[in-house]
S.K.: 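Here it is, the structure, as structure tokens.
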Amino acid sequence: GVVAGFLAGLLGIGGGIVTVPAMFVVFAPLGIPEDWRMQAAVGTSLLIIIATNLSSVRAHHKRANVDWGIARQWWWVIAVGGVVGAQLAQALASDTLVYVFSALALVLASKMLIPLERLKLGNSLPVGVAGRIGPLIIGGLAGIMGIGGGVVSVPYMTLFGVPVHRAVGTAALLGLVASIVGMLGFLLASPPVSGTPPPWTVGYIHLPTAGILAAASALVAPVGATVAQRLSKTVLSIVFGLFILAAVTRLIIGTLG
């Protein structure tokens, strides 16, 4: 929870890429059935992200690092993507989702590790129908993987000229939207009858785990936001790129293992 909260404030992510693998391991001795353990980790992660990103958004807003114009244009598209993603996560094989996510994340990590101004797709974000594709995918990935979406939205925004500090703060706000709609999908779902889940499990969400991790991450998120403000644009981009590489490596190893 502490690590996830610090990364949420530092990088504008929800921290799910840290908490999902951890909860998948912890849920085994807790008695959550194996055939929907990953869904439980994803759903619980989305609830945790709500608390984490609320704290992170407040910290970034105080530093004027939230672009409310982008948020107003994207929030409903992110929400639609989150609903669709949450439904897909309950139906598709987790291995397939990991590989698709990893491939995209590696491309985005390359952009962040080479933070040169010329490596851009444009000087402003797309508008119209084309401008809805990016946030729709971001929301979908957030719902599928139990993440806030910042691991995708920050590199995406920087490709179109959004300064990295502002991209991080805006991603925290957009991740809050994605996590709320995605969490509701897992909360209201009915898991397969394949065993008796532990007490206080609602839908796919284990409430005690969510409460413990959410409290720890929300307390630490402002610390990460403070550190992010003090880092240069180049250093923050490189840190984000290295984080994506480490997270993708962990996901692939966990899937193959």
Side-chain angles (χ1 to χ4, degrees), residues 1 4 8 13-24 26-28 30-57 71 74-98 100-101 132 135-153 172-215 217-218:
I13 64 174
I17 211 156
V18 175
T19 58
V20 168
M23 285 189 291
F24 183 77
V26 172
F27 281 170
L30 283 180
I32 292 182
E34 184 177 0
D35 59 350
W36 53 273
R37 192 173 299 149
M38 186 62 181
Q39 284 86 348
V42 170
T44 306
S45 172
L46 289 169
L47 179 54
I48 296 166
I49 289 169
I50 294 174
T52 303
N53 275 12
L54 275 172
S55 178
S56 180
V57 168
W74 282 19
W75 75 268
W76 66 272
V77 189
I78 292 276
V80 170
V83 171
V84 174
Q87 297 302 312
L88 287 175
Q90 298 172 39
L92 299 180
S94 60
D95 289 3
T96 302
L97 299 178
V98 167
V100 171
F101 176 80
R132 305 292 182 257
L136 185 65
I137 294 173
I138 291 166
L141 286 173
I144 290 172
M145 302 300 293
I147 62 176
V151 72
V152 180
S153 61
L173 176 59
L174 294 171
L176 177 61
V177 175
S179 59
I180 290 174
V181 296
M183 181 274 298
L184 289 175
F186 284 93
L187 186 71
L188 300 175
S190 299
V193 179
S194 56
T196 303
W200 301 101
T201 301
V202 181
Y204 284 101
I205 297 177
H206 188 239
L207 295 178
T209 297
I212 293 170
L213 293 184
S217 61

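FYI, side chains are in, hydrogens and waters are out, and symmetry mates aren't considered; it's all heavy atoms of this structure. Position 1 is the first residue of the sequence, and the numbers go up from there.
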S.K.: Quick check: closest heavy atoms across Ala79 and Val177, and the distance to 0.1 Å?
M.R.: CB-CG1, 4.1 Å

S.K.: Taking all non-hydrogen atoms of both residues, which atom of Ser55 and which atom of Ala218 are closest, and how far apart?
M.R.: OG-O, 2.8 Å

S.K.: Would you give the length of the straight line joining atom CZ of Arg132 to atom CH2 of Trp76, rounded to the nearest 0.5 angstrom?
M.R.: 5.5 Å

S.K.: For Ile78 and Pro135, which heavy atoms make the closest approach, and how far apart are they?
M.R.: CD1-O, 3.4 Å

S.K.: Nearest 0.5 Å please: distance from the CG atom of Asn53 over to the CD1 atom of Ile180.
M.R.: 9.5 Å

S.K.: Roughly how far apart are Leu54 CG and Leu176 CG, rounded to 0.5 Å?
M.R.: 5.0 Å

S.K.: May I have the step-by-step check of side-chain contact (heavy atoms from CB on, under 4.5 Å) for Val42 and Tyr204, ending in yes or no?
M.R.: CA-CA 8 Å; Val42 170; Tyr204 284 101; over 6 Å; no

S.K.: Side chain of Arg37, backbone of Phe24: donor and acceptor closer than 3.5 Å?
M.R.: no

S.K.: Can you tell me how far apart CG (Leu30) and OG1 (Thr209) are? Round to the nearest 0.5 Å.
M.R.: 5.5 Å

S.K.: Has the side chain of Ser217 got a donor or acceptor atom that lies under 3.5 Å from a matching backbone atom of Ala214?
M.R.: yes

S.K.: Are the side chain of Ser45 and the backbone of Val20 linked by a donor-acceptor contact shorter than 3.5 Å?
M.R.: no

S.K.: Closest heavy-atom contact between Met183 and Leu46?
M.R.: N-CD1, 3.7 Å

S.K.: Atom CD1 in Ile212, atom CG in Leu207: separation rounded to 0.5 Å?
M.R.: 11.5 Å

S.K.: What is the distance from atom CG of Leu136 to atom CH2 of Trp74, rounded to the nearest 0.5 Å?
M.R.: 11.5 Å

S.K.: Write down the atom of Thr201, the atom of His206, and the distance for their closest heavy-atom approach.
M.R.: OG1-CD2, 3.4 Å

S.K.: How close do Ala71 and Leu174 get, counting heavy atoms only, and between which atoms?
M.R.: CA-CD2, 4.0 Å

